[in-house]
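For the numbers below, each heavy atom of this structure counts, side chains included, while hydrogens, waters and symmetry mates do not. Positions are given from 1 along the sequence.
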Amino acid sequence: MFRANATMNSCRRIARIKDRSSGLNTLFSRVRLPTNCRQGPEAAPPLTRSQSSAAKHAPGSDTGDRPRLRAIDLARKVRQERTRTPVEEAPVSAQQRRVTELKRFSLQLQNVHPNVLAKHLHRGVLYRDKDVAVINKPYGVPVRDTSGVTSISSVLPVLAKMMDGVKIKSESQLLPCLGLEKDSTGTLLLARSEEVVEHILSLNRNNQVQTKYWVVTVGVPVPSEGMIDIPIIEREITGPQPHYKMALSPLFKMNDGGDGVTKVRTNRQAHPAVTRYRVLDSSNGCSLVELQSFTGVKHQMRVHMAFALSCPVLGDHKYSHWSKLAPQKLPERVLGKLGLEQSKIRYLPLHLHARQLTLLGTNQAEINVSCPLPKYFTQTLSRLHLTFPDKKDNHLSDSHK
């Protein structure tokens, strides 16, 4: 009896609310009342789930009259919201911007689609004729195939078609002649046939293919110009991180009195290595140096600069230490100029650029091609206040002959 009275009282309260506010009739009509509160033929039985779903999509229902939102409308709405309320980014320090910039320089063309690399190389063609072509090699891309990474050799067939015109049926090819290290940049010589490759290799053995490199060194070489003639050998470095490095294998050593040198026995595994160097400018404990290799031993210029002159190339994390693998250690003064901390120095690229290529002894006039410096290289020169030499200098002419 008590439960029946409570139910009837709740029904009366609902009826009074409906009388007071006609605007809420729709809301309360959707409230499911207890069965014993329904009176007369208007008290319809509850709808099943399928009937309720059909009622929602009925033409006369509220939701049925509302147009459905298409995917393109939703995308447009999202774009409008983004333009109206731009996301506020956290403030980025100059140090973070510098590191991000260096990462972008060093990783922008690694692991990209072959067509993307081919288009980039096509934009960087410096010289071409019926026999050879010279391209601007980007940083971090190997010349030949290594461990599945996209290489320059792997995209040369595509590059050859781009150079000849995609619509033209051509069987021409491009072949690498003289390689460059993965982390170096600059002029890269390509041949259009196997015969030209053999001819260029013959010229190179007679020093008729000359490449001048620009490097930034940590330290100032003394004397400012000279020739380094010290053989190089590959040695195993033992310790917590065993690895192999190229090292010096001198033919002479200081005698016991320290007032002269004595000849030592030549190691049969050592390779003759000759490098000419010339300091172009120096500032803030660093130098811009021109190098020329006459022998082409692996890592020759880097080893000679680091171990013969004690002026390692900036960004050379392999040869800045002898007994360990670790990022290059830079003086505080240099770090400040570069806008970096020592903990982030591992992102600093190798500053080794093939600046000028001269090809002698061909059937035509001498080929002389210069390559512009990459952006990270010019920024480093600016930060260290290292200036370019006079362009009138015959050794460093920017003209293309």
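- Asp281 places a side-chain N or O within 3.5 Å of a backbone atom of Thr387 that can act as its donor or acceptor partner.
- A side-chain donor-acceptor contact under 3.5 Å links His321 to the backbone of Pro327.
- At least one side-chain heavy atom of Phe377 sits less than 4.5 Å from a side-chain heavy atom of Leu288.
- For the residue pair Gln328/Ser320, the side-chain donor-acceptor check at 3.5 Å is satisfied.
- Just one of Val216, Val215, Leu314 meets the side-chain contact (heavy atoms from CB on, under 4.5 Å) condition when paired with Leu352; it is Val215.
- When every heavy atom of Leu201 is checked against every heavy atom of Cys177, the shortest pair comes out as CD2-O, 3.9 Å.
- Between Leu203 and Leu359, the closest side-chain pair of non-hydrogen atoms falls below 4.5 Å.
- Contact of the Pro242 side chain with the Ile237 side chain is not registered, since no non-hydrogen atoms from C-beta on lie closer than 4.5 Å.
- Side-chain contact between Ile232 and Thr295 is absent, with no heavy atoms from C-beta onward closer than 4.5 Å.
- Remark: Arg192 engages Asp164 in a salt bridge, criterion side-chain N to carboxylate O under 4.0 Å.
- When every heavy atom of Ile230 is checked against every heavy atom of Ala308, the shortest pair comes out as CD1-CB, 4.0 Å.
- Here the side chain of His304 pairs no donor or acceptor atom with the backbone of Arg302 at under 3.5 angstrom.
- For Tyr277 (side chain) and Met305 (main-chain N/O), no donor-acceptor pair under 3.5 Å exists by modelled atom type.
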Notebook entry, point to check: Under the side-chain contact (heavy atoms from CB on, under 4.5 Å) criterion, do Leu280 and Val289 qualify, and how do the steps go?
Noted result: CA-CA 5 Å; Leu280 303 177; Val289 183; over 6 Å; no
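- With hydrogens and angles ignored, the 3.5 Å screen pairs no side-chain donor or acceptor of Ser370 with any backbone N or O of Gln356.
- Partners of His353 by ring-ring contact (aromatic ring centres under 6.0 Å, His included), not counting sequence neighbours: none found.
- The number of heavy atoms from other shown groups lying within 6.0 Å of CD (Glu332) does not exceed 12.
- Shortest non-hydrogen contact noted between Thr187 and Val369 is CG2-O, 4.1 Å.
- Looking at Gln269, its side chain never comes within 3.5 Å of a backbone N or O of Ile233 through a donor-acceptor pair.
- Nearest approach of Val141 to Thr150, heavy atoms of both residues: CG1-O, 3.8 Å.
- Taking a 6.0 Å sphere around NZ of Lys245, one finds it holds more than 12 heavy atoms contributed by other residues, nucleotides or ligands.
- Two rings, from Trp322 and Phe307, have their centers less than 6.0 Å apart.
- Between Tyr376 and His351, the distance from one ring center to the other falls under 6.0 angstrom.
- Counting only N and O atoms by type, the side chains of Thr275 and Gln292 include no donor and acceptor under 3.5 Å apart.
- Ion pairing between Lys298 and Glu181 fails under the 4.0 Å rule for side-chain N and carboxylate O.
- Here the shortest heavy-atom pairing between Glu194 and Gln173 reads N-NE2, 4.4 Å.
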Note to self: Run Leu340 and Tyr347 through side-chain contact (heavy atoms from CB on, under 4.5 Å) and show every step you take.
What the structure shows: CA-CA 10 Å; Leu340 290 172; Tyr347 299 113; over 6 Å; no
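- Thr185 OG1 to Leu180 CG: the interatomic distance, rounded to the nearest 0.5 Å, is 8.5 Å.
- Residues Ile135 and Tyr127 are not in side-chain contact: their nearest non-hydrogen atoms beyond the backbone lie 4.5 Å or more apart.
- Contact check on Glu290 versus Arg278 returns a salt bridge, with a Lys/Arg side-chain nitrogen under 4.0 Å from an Asp/Glu carboxylate oxygen.
- A donor-acceptor pair under 3.5 Å is absent between the side-chain atoms of Asn284 and the main chain of Cys286, judged by distance alone.
- The backbone N or O of Asn115 sits less than 3.5 Å from a side-chain atom of His113, completing a donor-acceptor pair.
- Summarising the geometry, atom CE belonging to Met301 is positioned 13.5 Å from atom CZ belonging to Arg276; distances are rounded to the nearest 0.5 Å.
- For the atom pair CD of Glu366 and CD of Gln208, the computed distance is 11.0 Å after rounding to the nearest 0.5 Å.
- By the 4.5 Å heavy-atom criterion applied to side chains, Ile200 and Leu189 are counted as neighbours.
- Judged purely by atom type and a 3.5 angstrom limit, Arg355 uses its side chain to pair as donor or acceptor with the backbone of Cys371.
- In terms of heavy atoms, Lys137 sits closest to Ser184 at NZ-O, 2.8 Å.
- For Glu341, there are no salt bridge (charged side-chain N to carboxylate O under 4.0 Å, His left out) partners two or more places apart in sequence or in a different chain.
- Contact of the His271 side chain with the Gln300 side chain is not registered, since no non-hydrogen atoms from C-beta on lie closer than 4.5 Å.
- Counting heavy atoms from C-beta outward, Val134 and Val125 have side chains that stay 4.5 Å or more apart.
- Side-chain contact annotation: Asn267 with Ser249, donor-acceptor N/O pair under 3.5 Å absent.
- Of the possible polar contacts, one joining the Ser287 side chain to the Gly219 backbone as a donor-acceptor pair under 3.5 Å is found.
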